[in-house]
Chemist: 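I'd like to ask some things about the structure below.
These values consider heavy atoms only, across backbone and side chains, with no hydrogens, waters or symmetry-generated copies. Since this is a predicted model, take the numbers as computed values, not measurements. Labels below follow one simple rule: chain letters A, B, ... track the order of the sequence lines, proteins then strands, and each chain is numbered from 1.
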Amino acid sequence: MTNQEIARLFRNVSAAYSIKNSKKYFFQIIAYQKAAEAISMATSELQDLYKEGKMQEIPGIGATIRSRLDELFRKGSVSHFNAVLKGIPEAVFVLMDVPSIGPKKAYKLSHELRLNKSEKAIEDLILMAQNHKIAKIPTFGEQSERDILKALIEYKKGMGKATRMTLPYAGEVAEKILTYLRKSSDIITVVPLGSLRRMMATVGDIDIAAATNTPEKTIKHFVSYPYKERVIEQGLSSASILTSGGVQIDLIAQPPESFGSLLQHFTGSKDHNVHLREYALKKGLSLSEKGIKKSKTSEKIKQYDGEEKFYDVLGMQWIPPEMREDKGEIELAIAHKLPDLVGIKDVKGDLHVHSSFPIEPSHDLGHTNIEKMTILAKKLNYDYIGFAEHNPSISKHSKSQIYALVAKRNDHIEQIKSKIKSVHIIKLLEIDILSSGKLAVDEKCLELLDAAIVGIHSSLSGNKKEMTKRVLAGLSHPKAKILAHPTGRMLNERAGYELDFDQIFDFCKKNNKALEINSWPQRLDLPDNLIKEAVENGVKLAVNTDSHDVSQMSLIKYGVATARRGWATKNDIINTLKHSELMEWLRK
DNA sequence: GCCGTTTTCGGCCCGACTGTTTTCAGTCG
């Protein structure tokens, strides 16, 4: 069973508890939800951790759940779960994926309308809604029937929560509505928050906070957004709309004096806020988006116009948004020991760009010539730029032809070097690791390079053991210094191949290899959780853009943000070194 | 069912919005 399957099972168990008796099982419901969340975010397969006796490493899994998992892995099912899930139609769990339908509504609908075929549950329920069967069910009415029908149709179209946007796309959607909101004179400030501010690789919906002295006016302006499909909800201080592109946008409006509390609240993450509020409670304080009050008394709430003050009142350092995932940052902030995260100004060069030099590559050639890209590197205040075109294709060239092409590119680089002195140019190549583990260029050709970036670009389907062996073989050559886009994931397209990262980290540490943080918006690879593990293991990283066009070199900000999400400091990143130090590291 | 620089027992974040059962349950973030 995969982590995602187990997480789904746990969510179903939680829902079943909530259907059967949500008061009695209140804490079990939370516990299974939390465990499901932790499992779906885990970087190792639970089944592997089980075999290694390391399941307690996952937060939220205690003695009881561990024994349930033990039974699951030994027998393939858990008798206790079967008892809890008994009598609950499968359709319930299908309907629960639809926004606004939770466990209770899903159960009532499935039960009352006898939705037995789970694979047809959505279609069947749409028909029932159209025939006005829902409104007749006690506690439902005509309005909720209409709302459910809308939600079902949108869900079927793939609108709403089903798909997550890439970070830059979300940024554009946000910018468009911010521009609109700023036209309203009663709005003092508007800022995008949530996962966008935390710079998550993908963003589910857009969260916006507005400072205003007239919240109702602001809300009215917001729900009049011309590009909206419909208003999901609208209250006195908050509202949600769905855009015609299927993106949900949530807005909360507060007066400027409590804006700091609102920023903190709406940035999240949920886990971070829950943990922060639990910590505050122990100090006798109760936190909300409105401010901070003493718990258990009716004392007036204290408001904060800035986020720093809010954290300061709790005796903590201000926590960078990228860290707010409840991964230990709260404890460090209390101890005033937060790491000094790498910033965009620390980056001294890009080590992975593809020029248009006709190297007859195995994969995409870049669109911009070496000179133009070098000039932009200078404008970005870089100390150096590393050209890493794909190796010439091995099916179309002989070894000597490959050598000649690389030598020719190097000659061209030398010409540019004599023209542009203010930026160092590094001679790299992005070389395929073939399925045999061998590199796609030979020893003689490798000698032409300062170093090589190696990566997997074909035959992605091997198992974890094979792929790990292949990667380590590829990295073994002394010239191979950076592993390109290590997991091979493409967001919203493919998960990437599986690697044994314990082995990879160990190898990289011992042999001075770096793992790439590829800034390409659909990659952001290494992913943040693995960056954090790499940093903990003392593995060096390289933040690169993989640009195929000069315009893409500014995407470095997304790579840096991902590095920050993995708690990387300047010292963890090789391309924060100045040129002479970097060259020394590449030769090590 | 989890968890611990106030607890191994007794706690467990906080608030907004919606519809329906007019005081609250369900859902969401």
Chemist: A:Phe27 on top of B:dC2's base, within under 5.5 Å and under 30°?
Modeler: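 The ring of A:Phe27 is not stacked on B:dC2.
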
Chemist: What nucleotide among B:dC13, B:dG1, B:dC17 has an atom nearest to a side-chain atom of A:His80?
Modeler: B:dG1

Chemist: Is it the case that A:Asp186 and A:Thr214 place a side-chain donor and acceptor less than 3.5 Å from each other?
Modeler: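 On atom types as modelled, these side chains qualify, holding a pair under 3.5 Å.
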
Chemist: For B:dT5, is chi within 90° of 0 (syn) or not (anti)?
Modeler: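 Because its glycosidic torsion lies more than 90° from 0, B:dT5 adopts the anti conformation.
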
Chemist: Side chain of A:Lys282 only, please: which of B:dC12, B:dT7, B:dC17 is the nearest?
Modeler: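 Taking heavy atoms from C-beta onward, the closest nucleotide is B:dT7.
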
Chemist: Between B:dG29, B:dT18, B:dT27, spot the one nearest the side chain of A:Pro103, thanks.
Modeler: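 Among the listed nucleotides, the one closest to the side chain of A:Pro103 is B:dT27.
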
Chemist: Could you tell me whether A:Gln33 contacts a base, only the sugar-phosphate backbone, or nothing, with contacts defined as non-hydrogen atoms closer than 4.0 Å?
Modeler: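 Since no nucleic acid heavy atom lies under 4.0 Å of A:Gln33, the category is nothing.
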
Chemist: Check the phosphate of B:dG1 against A:Tyr17, side-chain N and O only, distance under 4.0 Å to OP1 or OP2. Yes or no?
Modeler: yes

Chemist: Is A:Arg277 close enough to B:dC12 that one of its side-chain N or O atoms is under 4.0 Å from OP1 or OP2 there?
Modeler: no

Chemist: Just N and O in the side chain of A:Lys293: are any of them under 4.0 Å from OP1 or OP2 of B:dG15?
Modeler: yes

Chemist: Given B:dG29, B:dA25, B:dC12, which nucleotide is nearest the side-chain atoms of A:Lys23?
Modeler: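 For the A:Lys23 side chain, the nearest candidate turns out to be B:dA25.
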
Chemist: In terms of relative ring orientation, are A:Tyr304 and A:Phe310 parallel, tilted or perpendicular, with 30° and 60° separating the classes?
Modeler: perpendicular

Chemist: Looking at A:Ser237, I'd like to know whether one of its side-chain N or O atoms comes within less than 4.0 Å of OP1 or OP2 on B:dC17.
Modeler: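 Answer yes for this pair, as a side-chain N or O of A:Ser237 is under 4.0 Å from OP1 or OP2.
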
Chemist: By nearest heavy atom, map A:Lys104 and A:Asp207 onto DNA chain B; which one lands nearer the 5' end?
Modeler: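 Nearest nucleotide further toward 5': that of A:Lys104.
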
Chemist: Do the ring planes of A:Phe501 and A:Phe505 sit parallel (below 30°), tilted (30 to 60°) or perpendicular (above 60°)?
Modeler: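 If you compare the ring of A:Phe501 with that of A:Phe505, the planes turn out tilted.
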
Chemist: Specify whether A:Phe81 and A:Phe10 have parallel, tilted or perpendicular ring planes, treating 30° as the upper limit for parallel and 60° as the lower limit for perpendicular.
Modeler: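 Geometry flag for A:Phe10 against A:Phe81: perpendicular rings.
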
Chemist: Base, sugar-phosphate alone, or nothing: which one does A:Leu236 contact when heavy atoms must sit under 4.0 Å apart?
Modeler: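 Sugar-phosphate contact only.
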
